[in-house]
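Quick note on labels: first sequence line is chain A, next is B, and so on, each numbered from 1. All of these numbers come straight from a predicted model, not from anything done at the bench.
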Amino acid sequence: MTSNKEQEQLDKLLRATLAKEPITLDFQAWKSAHPEQIAAYRRPRRRLPTRPLQFAMAACLIIAAGFVLQWMQLPEQVHIAIEPANPAAMINRLQLTIAYANGGIEGLEKQYDKAYAKLGPRAGVVTVNSLFNTF
Amino acid sequence: MASVGKEINNLVRSAIAGDLDSFGELARRYYPAMVSIAYAIGRDHHAAEDAAQEAIGRALVSLAKLRRPERFGPWLCRICRNVAYDMYNGKPQTASTPDTIAPEPSEKDDNLLTAVNAALDCLPKASRELVILKYYTDLSYEQISAVLGLSPAAINGRLTRAKRKLADCLRRNGFAEMRL
């Protein structure tokens, strides 16, 4: 720990070693020596948005992205239906209920059409029961 | 102190809004501190003035990017520090001859001044900068506080520690009695 006297001596010594005459800036001279910087400062600038505005813009972007993603959702993701393996299963009670829930009467008809399309052309003498039993 | 800070904030806001005279006033106020900071790095007064003037130019061009006007002082001095480091390629210089206004010192005094300069070079960068800010341009604690963004109490503590290290270094080099 240095004493107060030593501190004073050190202060004097540092002043003697380092002290300069007052340093001043001639700003007029500086301006004439730096025309490019002055021109860049005076050039109209594109103002950057403030922080709250940046947050608002980001929020709008996220909401818009949400809407776009919702609009782009694939039909499979909207209508969850497991396609049964055979025509008999396609027209059981559960599948027909699902088809009705998803598409109403039209959905129901579509389900029947798909079942019959899968069944394919058959001779008229064959009974429906025997046809379904083949699957 | 608070009114000075408010005045500086107003000047900064005016300068950001496009008032070059306000910027000129700010540059005039901070110039001595900037020269001191550059001198702490390069230990050459003329080069320090060049660095400070270059830093003023860079600050003027990028003033619109300043988000917090109340941090103008530390921001300006950081630019000055970077310019000085660029100028010396990141290598702090040592003062070979005392750059003083002392009138024709004797051989003994000259040895002591050289020893003080050498002791300054032994200090960590931040401490050396603080000592030079205080004694090179005789800035007050409040002015140094505005430049470094630290409280006057913190400045006082750091300066005391830096001076203690300087005194120790001088004693180790055989200057037990520090007399001018």
In one Ile/Leu/Val/Met/Phe/Trp/Tyr side-chain cluster, 4.5 Å: [X], [Y]:
X        : Y         : result
Ile63(A) : Val68(A)  : no
Leu61(A) : Leu69(A)  : no
Leu96(A) : Tyr100(A) : yes

Indicate yes or no: at least one non-hydrogen side-chain atom of [X] is less than 4.5 angstrom from one of [Y].
X        : Y         : result
Phe27(A) : Leu20(B)  : yes
Ile23(A) : Tyr39(B)  : no
Leu18(A) : Val131(B) : yes

Which atoms of Ile56(B) are under 4.5 Å from chain A, going by heavy atoms: the side chain, the backbone, both sets, or neither?
both
Under 4.5 Å heavy-atom distance to chain A, tell me which part of Leu63(B) shows up: side chain, backbone, both or neither.
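For Leu63(B), the side chain is the part near chain A, not the backbone.
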Just do the side-chain contact (heavy atoms from CB on, under 4.5 Å) check on Tyr31(B) and Thr24(A) with the steps written out, would you?
CA-CA 7 Å; Tyr31(B) 188 66; Thr24(A) 52; 5.8 Å; no
What part of Asp11(A) gets closer than 4.5 Å to chain B, counting heavy atoms only: side chain, backbone, both or neither?
both
Do any N or O atoms from the side chain of Tyr41(A) and from the backbone of Gly57(B) form a donor-acceptor pair under 3.5 angstrom?
no
Do Tyr135(B) side-chain atoms and Ala16(A) backbone N/O form a donor-acceptor pair below 3.5 Å?
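No, Tyr135(B) side chain to Ala16(A) backbone: no donor-acceptor pair under 3.5 Å.
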When you look at Arg28(B) and Asp26(A), which way does the salt bridge (charged side-chain N to carboxylate O under 4.0 Å, His left out) test go after all the steps?
CA-CA 8 Å; Arg28(B) 265 190 289 270; Asp26(A) 181 355; over 6 Å; no
Greater than 12 external heavy atoms within 6.0 Å of Glu70(B)'s CD:
yes
Rounded to the nearest 0.5 Å, what separation is found between the [atom1] atom of [X] and the [atom2] atom of [Y]?
X         : Y        : atom1 : atom2 : result
Leu170(B) : Gln9(A)  : CG    : CD    : 11.0 Å
Glu36(A)  : Leu60(B) : CD    : CG    : 12.5 Å
Tyr136(B) : Arg15(A) : OH    : CZ    : 15.5 Å

Walk me through it: do Leu10(A) and Val116(B) pass the test side-chain contact (heavy atoms from CB on, under 4.5 Å)?
CA-CA 9 Å; Leu10(A) 189 57; Val116(B) 172; 6.0 Å; no
For the student: nearest non-hydrogen atoms of Val61(B) and Ala40(A), plus distance:
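Shortest heavy-atom contact: CG2-CB, 4.0 Å.
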side-chain contact (heavy atoms from CB on, under 4.5 Å) between Leu14(A) and Leu166(B), worked out
CA-CA 10 Å; Leu14(A) 283 168; Leu166(B) 262 177; 3.7 Å; yes
Where do Gln53(B) and His34(A) land on the side-chain contact (heavy atoms from CB on, under 4.5 Å) test, with the steps shown first?
CA-CA 9 Å; Gln53(B) 296 201 11; His34(A) 296 81; 4.1 Å; yes
